[in-house]
Amino acid sequence: MKCERHPDRRAEGICMQCGREVCADCIRMTRGRTFCVECMEKIRAHGLSATSAGSGLRRKDPSSAAALSVLHGGLGQMYNGEFAKGAVLFLTKVAVLLICINIVLNQTWLMALPLFVFGWGALWAYGIWDAYASASNFNRRLADGRGSSDAGRDRV
């Protein structure tokens, strides 16, 4: 885990509002909830309580993420909020499928079979595994962000 503002630093938690990973310099704790600097400023500017502000981030269901990836690779990643990874996986699977169809239409189906099984099938299996693992990791980071120490942090 790396801080999104300081990629050279290790993240200490995850913002309850926007989901950013934050380092020790960027983390702001209030009432047992973790926020980034930007979200804490918004909370103060709008006069929100930390309790109402921290409700924006929700746990992900790993089974739902995996099930969406069974339907088509990339959907589970998008459910997890990893839109770029999901789009790349989705488009890559479509491209491999189109290449396989093109090979079959050119009557060289023996070449299409290994590409379909090992290319498209591997992407399908990876998408399912990655969606489940990413949702589980997100939930773990979210729980770690709530359990961080309050010492020396801003209070609202």
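Values reported hereafter were calculated over all heavy atoms of this structure, with side chains retained and with hydrogens, waters and symmetry mates removed.
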Looking at every heavy atom in both [X] and [Y], which two are closest together, and how far apart are they?
| X | Y | result |
| --- | --- | --- |
| C36 | V22 | CB-CG1, 3.5 Å |
| V96 | G119 | CG1-C, 4.3 Å |
| Q77 | A131 | NE2-N, 3.4 Å |
| F83 | M78 | CE2-O, 3.5 Å |
| G76 | L68 | N-CB, 3.8 Å |
| C23 | C3 | N-SG, 3.4 Å |

Is there side-chain contact between [X] and [Y], with heavy atoms separated by less than 4.5 Å?
| X | Y | result |
| --- | --- | --- |
| R9 | K2 | no |
| F116 | L97 | yes |
| R5 | D25 | no |
| I14 | F138 | yes |
| C39 | C15 | yes |

Just by distance, with hydrogens left out, do S134 and E82 show a side-chain donor and acceptor under 3.5 Å apart?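 Yes, because at least one side-chain N or O of S134 sits under 3.5 Å from a partner of the opposite role on E82.
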
What pairs with Y132 under ring-ring contact (aromatic ring centres under 6.0 Å, His included), at least two apart in sequence or on another chain?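 Y132 satisfies ring-ring contact (aromatic ring centres under 6.0 Å, His included) with no other residue.
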
Side-chain donor-acceptor pairs under 3.5 Å in residues 84-92, sequence neighbours left out?
residue : atom : partner : partner atom : Å
K85     : NZ   : D130    : OD1          : 3.3
K85     : NZ   : D130    : OD2          : 3.1
T92     : OG1  : V88     : O            : 2.6

Side chain to side chain donor-acceptor pair (under 3.5 Å) partners for S64, two or more places apart: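 For S64 the side chain to side chain donor-acceptor pair (under 3.5 Å) partners, ignoring immediate neighbours, are D61.
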
With clusters defined by side-chain heavy atoms of hydrophobic residues (ILVMFWY) lying less than 4.5 Å apart, directly or transitively, does L123 cluster with I101?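 Yes, I101 connects to L123 through the hydrophobic network.
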
Is there a path of hydrophobic side-chain contacts, each under 4.5 Å between heavy atoms of I/L/V/M/F/W/Y residues, joining L113 to V104?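 Different hydrophobic clusters.
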
Counting N and O atoms only, with roles assigned by atom type, does the side chain of [X] sit under 3.5 Å from a partner on the main chain of [Y], one being a donor and the other an acceptor?
| X | Y | value |
| --- | --- | --- |
| N80 | K60 | no |
| S69 | G127 | yes |
| W124 | V70 | yes |

Students often mix this up, so state it plainly: with edges at 30° and 60°, are the rings of Y126 and W129 parallel, tilted or perpendicular?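 The arrangement is tilted - the two ring planes meet at 30° to 60°.
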
